[in-house]
Amino acid sequence: MKTNIVLFWVLAVFFVAVGITYAVWSLLDPFHGTIEWVGTLALFLSAALFGLVAFYLGKTYKAQGAELPEDRPESTVDDGDPEVGFFSPWSWWPVTLGTAAATVFLGIAVGTWIVLIGFALAIVAIVGWTFEYYRGYFGR
C-alpha cells in the first residue's frame with residue numbers, strides 16, 4: 001500500500017506541474033493570449049483527485065496498524081484471502097434480482113409503468129433469496 005500512496009502523490013504533483021505548464025503555455029499563445037480554462041481546470045481537478053486518493057490511502061494505512069499481506073514479500077496468496085461469507089451455490093434468486101434491477105432501469109428509460117413490474121419482481125426476489133433456506137430442498 002505504501003507504493004500506491006507514493007504513486008498517487010507523484011501523480012498529483014505531476015498533474016499540478018502539467019496544469020501550471022498548460023496555463024502558462026496557453027497565456028503565451030500568440031493567437032489567444034488567455035488561459036484555456038477547460039483544460040487547465042481538468043488538469044487541476046485530476047491532481048485533486050489523485051491527491052484525495054493518496055490522502056485516503058495514507059490515512060487508511062496508518063489506521064490499520066500493520067502491513068497488508070500484499071506488501072510483505074514472504075506472504076502467500078492464502079494470507080490475503082479472508083473469509084468472505086456464505087453464498088448459495090445453486091441459487092437462482094440473484095439472477096432474478098438482477099433481472100428485476102434491469103427491468104427497473106428499462107422502465108426508467110422506456111416507460112414508468114415497467115418500473116412497477118420491476119419493483120414487484122425485486123420484492124419477490126429479495127424475499128425468495130432471504131427465505132431460501134427455510135423451505136424446499138434446503139429447509140431445516
Shared-cluster residues of Leu27, by chain and number - hydrophobic side chains joined below 4.5 Å: Ile35, Trp37

Any pair with a residue in residues 102-117 that passes side-chain hydrogen bond (donor to acceptor under 3.5 Å, both in side chains), sequence neighbours left out, goes on the list, sorted by first then second residue, please. none

Not counting sequence neighbours, which residues clear side-chain contact (heavy atoms from CB on, under 4.5 Å) with Thr3? List them please. none

Show which residues join Phe105 in its hydrophobic cluster (side-chain heavy-atom contacts under 4.5 Å, direct or indirect), or state none. Val104, Ile108, Val115, Phe119

Sort and list the pairs that fulfil side-chain hydrogen bond (donor to acceptor under 3.5 Å, both in side chains) and have at least one residue in residues 116-126, not counting sequence neighbours. none

Same hydrophobic cluster for Val16 and Val18, using side-chain heavy-atom links shorter than 4.5 Å among ILVMFWY? no

Give the other cluster members for Leu97, using side-chain heavy-atom distances under 4.5 Å between Ile, Leu, Val, Met, Phe, Trp and Tyr residues; answer none if it is isolated. Trp93, Val124, Ile126, Trp129

Suppose we screen for side-chain hydrogen bond (donor to acceptor under 3.5 Å, both in side chains). Which residues come up paired with Asp29, at least two apart in sequence or across chains? His32

In the hydrophobic clustering (ILVMFWY, side-chain contacts below 4.5 Å, transitive), which residues join Val95, or is it alone? Trp92

Which side-chain N or O atoms in residues 38-57 pair as donor and acceptor under 3.5 Å with protein atoms at least two apart or in another chain?
unit_1, atom_1, unit_2, atom_2, d
Thr40, OG1, Glu36, O, 2.7
Ser46, OG, Ala42, O, 2.9

All side-chain contact (heavy atoms from CB on, under 4.5 Å) counterparts of Gln64, not counting sequence neighbours: Met1, Tyr61, Leu68

With hydrophobic residues grouped by side-chain heavy-atom distances under 4.5 Å, do Ile5 and Leu11 end up in a single group? yes

side-chain hydrogen bond (donor to acceptor under 3.5 Å, both in side chains) partners of Thr60, counting only residues at least two apart: none

